[in-house]
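Because only heavy atoms are used, hydrogens play no part in the values below, and waters and symmetry mates are left out as well, while side chains stay in. Small disclaimer: the values here were computed from a predicted structure and weren't measured.
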Amino acid sequence: MGCCTSSPHSKRRYRDPADLDEVVIPLREFGNYRNGTTTLVPDDIEGLPSTHIYKHLATDPDTLLYEAEFDQGHAYRCCQPWLAVFFLPAVWVYGAAKGFDYILTGAGCSCDEVVCWLRKEYSTRIFFRVYPNRIEFNLPGIRIPFGILGCGSWNADHIITNPFDRGAFGFRRVNSGVCSYLLGIYPTYGETLARQRCQCNGSLWSGGCCSWWCDEWLCDMMCCTYRYTGLADADETAFAAGIALQAYFEGRKISREEMNMCLEYYHENISERTDPVGRKRDVCCEPFCIPLCTCRLCYEYVCHPHRNIPYDEEDPRHTPELVEVYEKYKELRDKQVENYKQFTGPVRKSTCCRAFGCRRLFGRRGLIFCTEGCNDPNSKCCSKKAGDPAPPFRYEDIDDINDASVVLRKVLGDPPLNVTYRGWHWDEESKEFVLPPTKNKSESLINRSANVKSFRELREVQNRQSHESILK
């Protein structure tokens, strides 16, 4: 991947994954890296196609796969207690040097959103969109001085584009410890999504950078992630972004309809929100835990107030478009407040342990960093041989066994023919993980000169089966 090598043009050997004019279609293997929260990184990450060269992508990059819903309490993020630092003289000097426009918009202190969240189009211009090769995020902010004086345009768009070949290795919701939460705990301004920026969801034996894990509990708050704030359901958004990223890794074609099929599977089989009891994510100290205030009243009455149109019906400014915006706000507000009452508050923020979100004390997603396999006598870590895939985790986790690669195969069928997954499997007879024999890599390569006809026929059958599954 471009962010992992200084010479991407000489390293990217995977061109168009469906290009039958290539003499050899290179094998794309998965298994050396342990899966992250949503995705499984390919073994040769340097060989992925550039997202800048659109003709080398499997899917039309202009296809919108998913657009996230934003929390309507995002307008009140300027009420966070930590913003009191702006009253310090040292910050005034920094603001004068940097530019107060940057400070007010970049630090999330756009105070006019509290009053003008609807009238100045903040609620309609903000977006988080997932495409087959990138994430696009827009966080509009006030323009200084035009947004205050009323002349010119009121706000300016700040659109950020994050291509998948520039540091995207997985997505996850952040539980706590971020400035975008009230007191670092309560998502009263919307949930925060983290994008993992390095491939180091690695293994203890490999040494170097890959001996650390980037989706541990501490990394959610401290390093290796880029954050998107204000989302209404960060878990669903992380899943959708992970599906798009995994499809990019595989070179798989994916459409908006297929993304919706994957999301339907997610809500029916994986999401904790749709089944808080059956799919509950355990935390390390339960059932011994300290009760915690859910901050529901702040969420409902402070950050999500009722908003009324400030003009009479006879006023020319009382337009159908304005009425539609306010009705949409009321619909989203009622829905999000109900979700907080029924799920976020009582399930995720009811105790200190659940609020901070560490799954266990040691091991994956644990409080102590990088300990998977260290104190497990039956761990496969120390017995790994060169060329073997990453061993299984010590603890089975619902998110581990339902990462994007698994969901794509269950919902949309097998990946392209040059994609191979290697990994440990649970053997019911021996009651332990076993490693299937690995084929010779040279035998696995698809040679175009010898197998053009059969390869094309197989791809046609695959495409036909995929089309039939969508129709069903």
Side-chain angles (χ1 to χ4, degrees), residues 68-87 91 100-128 137-144 147-148 154-158 173-194 227-234 237 292-310 322 325-345 348-349 355:
E69 176 186 323
F70 271 83
D71 195 291
Q72 298 304 301
H74 192 55
Y76 280 80
R77 67 190 187 281
C78 64
C79 299
Q80 299 173 75
W82 71 267
L83 292 176
V85 299
F86 283 99
F87 292 99
V91 178
F100 286 104
D101 184 26
Y102 172 82
I103 297 296
L104 292 176
T105 57
C109 187
S110 188
C111 300
D112 68 326
E113 292 183 22
V114 173
V115 179
C116 303
W117 175 249
L118 302 180
R119 284 187 289 168
K120 286 190 177 182
E121 296 184 340
Y122 286 113
S123 65
T124 54
R125 297 180 76 93
I126 191 172
F127 63 76
F128 178 98
F137 179 64
N138 182 33
L139 187 62
I142 188 173
R143 296 183 71 226
I144 305 294
I148 297 176
W154 280 339
N155 51 31
D157 290 334
H158 297 278
R173 175 183 56 85
V174 181
N175 287 289
S176 59
V178 291
C179 296
S180 54
Y181 288 171
L182 178 63
L183 303 178
I185 300 175
Y186 303 104
T188 55
Y189 317 114
E191 296 180 348
T192 295
L193 173 69
R227 298 185 179 95
Y228 308 93
T229 61
L231 299 166
D233 189 350
T237 305
L292 186 69
C293 171
T294 63
C295 214
R296 179 185 65 83
L297 297 180
C298 177
Y299 184 88
E300 181 177 0
Y301 296 107
V302 177
C303 298
H304 292 73
H306 292 282
R307 295 180 185 267
N308 300 314
I309 300 177
L322 185 66
V325 169
Y326 275 82
E327 289 179 348
K328 182 66 174 178
Y329 170 81
K330 182 180 184 303
E331 176 187 346
L332 292 176
R333 176 200 176 275
D334 294 344
K335 170 187 170 184
Q336 291 166 6
V337 168
E338 187 65 21
N339 285 336
Y340 199 94
K341 287 181 180 179
Q342 300 297 327
F343 176 72
T344 304
R348 286 186 174 161
K349 302 300 175 183

**Ring centre gap for Y189 and Y76 strictly below 6.0 Å** =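 No: the rings miss the under 6.0 Å criterion.
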
**Request:** For residues F137 and Y228, establish whether the separation of their ring centroids is below 6.0 Å.
**Result:**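 Centroid distance F137-Y228: below 6.0 Å, so yes.
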
Atom of [X], atom of [Y] and distance for their closest heavy-atom approach:
{"X": "P305", "Y": "C303", "value": "CD-C, 3.3 Å"}
{"X": "T294", "Y": "Y340", "value": "O-OH, 2.8 Å"}
{"X": "Q336", "Y": "A232", "value": "NE2-CB, 3.9 Å"}
{"X": "F128", "Y": "T237", "value": "CE2-CG2, 3.3 Å"}
{"X": "E113", "Y": "R307", "value": "O-NH2, 4.1 Å"}
{"X": "Y186", "Y": "C295", "value": "CD2-CB, 3.5 Å"}

Is [X] reaching over with its side chain to a backbone N or O of [Y], donor-acceptor style, under 3.5 angstrom?
{"X": "K349", "Y": "I185", "answer": "yes"}
{"X": "R227", "Y": "A194", "answer": "no"}
{"X": "Y301", "Y": "R296", "answer": "no"}
{"X": "N339", "Y": "T344", "answer": "no"}
{"X": "Q72", "Y": "G190", "answer": "no"}
{"X": "Y181", "Y": "T192", "answer": "yes"}
{"X": "E300", "Y": "V337", "answer": "no"}

Is there a side-chain contact between [X] and [Y] in this structure, where contact means two heavy atoms from C-beta onward sitting under 4.5 Å apart?
{"X": "K335", "Y": "E69", "value": "yes"}
{"X": "E338", "Y": "Q342", "value": "yes"}
{"X": "R125", "Y": "K120", "value": "no"}
{"X": "L193", "Y": "R173", "value": "no"}

**Message:** Check this for me, if you would: do R348 and E191 make a salt bridge, where the nitrogen-to-carboxylate-oxygen distance has to be below 4.0 angstrom?
**Reply:**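 A salt bridge is present here (some side-chain N lies under 4.0 Å from a carboxylate O).
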
**Prompt:** Would Y299 and D71 count as a side chain to side chain donor-acceptor pair (under 3.5 Å) if you check the C-alpha gap in whole Å, the side-chain angles of each, and the deciding distance to 0.1 Å?
**Reply:** CA-CA 11 Å; Y299 184 88; D71 195 291; 2.6 Å; yes

Approximate separation, where rounding is to 0.5 Å, of [X] [atom1] and [Y] [atom2]:
{"X": "L231", "Y": "S180", "atom1": "CG", "atom2": "OG", "value": "9.5 Å"}
{"X": "S123", "Y": "Y329", "atom1": "OG", "atom2": "OH", "value": "9.5 Å"}
{"X": "I309", "Y": "L118", "atom1": "CD1", "atom2": "CG", "value": "9.5 Å"}

**Fill in**
Per side chain to side chain contact (heavy atoms under 4.5 Å, CB included), I126 is matched among H74, H158, E121 by H74

**Message:** According to side chain to side chain donor-acceptor pair (under 3.5 Å), who are the partners of K328, at least two apart in sequence or on a separate chain?
**Reply:**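 For K328 there are no side chain to side chain donor-acceptor pair (under 3.5 Å) partners, ignoring immediate neighbours.
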
**Item:** Contacts of type side chain to side chain donor-acceptor pair (under 3.5 Å), residue E327, not counting sequence neighbours
**Value:** none

